[in-house]
Amino acid sequence: LKEENATLRSKINKLQILSETQADKMRKLEKKLEENKIKEEKEAQDLEAMVQHVEQNLQLMTKRAVKAENSAAKLKQENALLQVQLRNYKAENEALQLGQAGLATAKQNAEMALQHLLRVTTSSRASIRQLLSGAESLQLVADLLKSIDRISEVSEDGQ
C-alpha cells in the first residue's frame with residue numbers, strides 16, 4: 001500500500017509537473033494569441049488607413065480625370081474654332097492676294113495708260129506747236145494779203 005501510495009504520489013507529481021508544463025504552454029499560447037490579436041488589430045487598422053488613403057487618392061485622381069476631360073473638351077472646342085478661323089484667314093488671304101494681283105494688274109494698266117497719255121500729251125504739244133506755227137504763218141499770210149489789198153487799193157486810187 002505504501003508502495004502503491006508512493007507510486008501514485010510519484011505519478012501525481014509527474015502529472016502535476018506535466019500539468020504545470022502544459023499550463024505554462026497554455027499561458028504562453030494565450031499570451032501569443034493575445035499578441036497575435038493585437039498585431040492583427042494593428043494590421044487591420046493599418047490596412048483600413050491604407051484603404052482610406054487609397055480611396056482618397058482615387059477620388060483625387062477621379063476629380064483630376066474629370067477636370068482633364070473637361071479641359072480636353074474645351075481645348076477641342078477651342079481648336080475647332082481656331083481651325084475655322086484659320087480657314088477663314090486663309091480664304092481672306094487668298095482673296096487679298098487675288099485682289100493684290102488684280103490691283104497689280106490695274107496698277108500696270110494705269111501705268112500703261114499714263115505712258116500712253118504722256119506720249120499723246122507730248123505729241124499733242126508738238127502738234128499744238130505746229131498748229132501755232134501754222135497759225136502764225138497763216139496770220140502772216142493774212143497780214144500779207146491785207147497789205148496786198150491795201151497796195152492794190154492804193155494803186156487803183158493812185159492811177
Side-chain angles (χ1 to χ4, degrees), residues 20-159:
E20 286 177 14
T21 306
Q22 285 180 351
D24 280 344
K25 277 186 182 180
M26 188 114 137
R27 276 183 247 125
K28 286 180 184 177
L29 286 174
E30 284 175 349
K31 186 177 178 182
K32 197 169 187 176
L33 181 65
E34 190 64 34
E35 288 173 356
N36 283 343
K37 281 183 182 179
I38 292 171
K39 186 177 177 182
E40 283 179 12
E41 285 177 8
K42 186 179 182 303
E43 286 177 357
Q45 288 174 351
D46 290 345
L47 189 60
E48 182 67 29
M50 191 185 312
V51 167
Q52 287 177 354
H53 185 69
V54 168
E55 285 176 351
Q56 288 173 348
N57 284 343
L58 188 59
Q59 287 174 351
L60 281 173
M61 290 168 68
T62 303
K63 286 179 184 178
R64 286 181 189 160
V66 168
K67 191 175 182 180
E69 286 175 2
N70 291 338
S71 179
K74 286 179 185 177
L75 289 174
K76 283 180 183 178
Q77 287 177 339
E78 187 176 334
N79 187 24
L81 289 173
L82 289 174
Q83 291 290 337
V84 169
Q85 265 186 333
L86 178 63
R87 277 188 239 116
N88 290 341
Y89 288 149
K90 282 183 179 179
E92 185 178 340
N93 189 21
E94 288 175 13
L96 286 173
Q97 286 176 347
L98 289 175
Q100 284 179 345
L103 186 62
T105 303
K107 188 175 179 182
Q108 188 178 17
N109 288 342
E111 185 67 30
M112 287 174 49
L114 177 64
Q115 294 299 323
H116 189 273
L117 189 60
L118 287 173
R119 272 186 256 127
V120 167
T121 304
T122 304
S123 68
S124 296
R125 283 185 184 151
S127 296
I128 289 171
R129 282 188 202 117
Q130 286 177 349
L131 278 173
L132 284 175
S133 174
E136 287 175 4
S137 296
L138 287 173
Q139 186 67 41
L140 188 62
V141 169
D143 289 342
L144 188 63
L145 285 174
K146 279 184 189 177
S147 298
I148 292 176
D149 277 344
R150 281 188 216 148
I151 293 174
S152 39
E153 283 176 15
V154 170
S155 350
E156 286 176 11
D157 289 342
Q159 281 187 1

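- If you take CD on Glu30 and NZ on Lys37, they are separated by 9.5 Å, rounding to the nearest 0.5 Å.
- No donor-acceptor contact under 3.5 angstrom links the side chains of Glu55 and Gln59, judged on distance only.
- Using a 4.0 Å cut-off between charged side-chain N and carboxylate O, Asp46 and Lys42 make a salt bridge.
- When atom types are taken as modelled, the side chain of Ser133 and the backbone of Arg129 share no donor-acceptor pair closer than 3.5 angstrom.
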Discussion item. If you apply the rule side-chain contact (heavy atoms from CB on, under 4.5 Å), what do you find for Arg87 with Val84, and how did you get there?
Written reply: CA-CA 5 Å; Arg87 277 188 239 116; Val84 169; 3.9 Å; yes
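- Contact check for Leu81 versus Gln85: no side-chain heavy atoms found under the 4.5 Å cut-off.
- Between Lys31 atom NZ and Leu29 atom CG the span is 12.0 Å, to the nearest 0.5 Å.
- Although no hydrogens or angles enter the test, the distance criterion places no donor-acceptor pair under 3.5 Å between the side chain of Ser71 and the main chain of Lys67.
- The distance from the OG1 atom of Thr121 to the CZ atom of Arg119 is 11.0 Å, given to the nearest 0.5 Å.
- Atom-to-atom distance recorded for Leu138:CG and Leu132:CG is 11.5 Å, nearest 0.5 angstrom.
- Gln52 contributes atom CD, which lies 10.5 Å from atom CG of Leu47 (distance to the nearest 0.5 angstrom).
- Using a 4.5 Å heavy-atom threshold, the side chains of Glu78 and Leu82 count as touching.
- Taken from NZ in Lys32 to NZ in Lys25, the straight-line distance is 12.5 Å, to the nearest 0.5 Å.
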Worksheet item: Run the side-chain contact (heavy atoms from CB on, under 4.5 Å) check on Lys90 and Leu86 step by step: do they pass?
Response: CA-CA 6 Å; Lys90 282 183 179 179; Leu86 178 63; 4.0 Å; yes
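- Side-chain contact between Glu35 and Lys39 is absent, with no heavy-atom pair separated by less than 4.5 Å.
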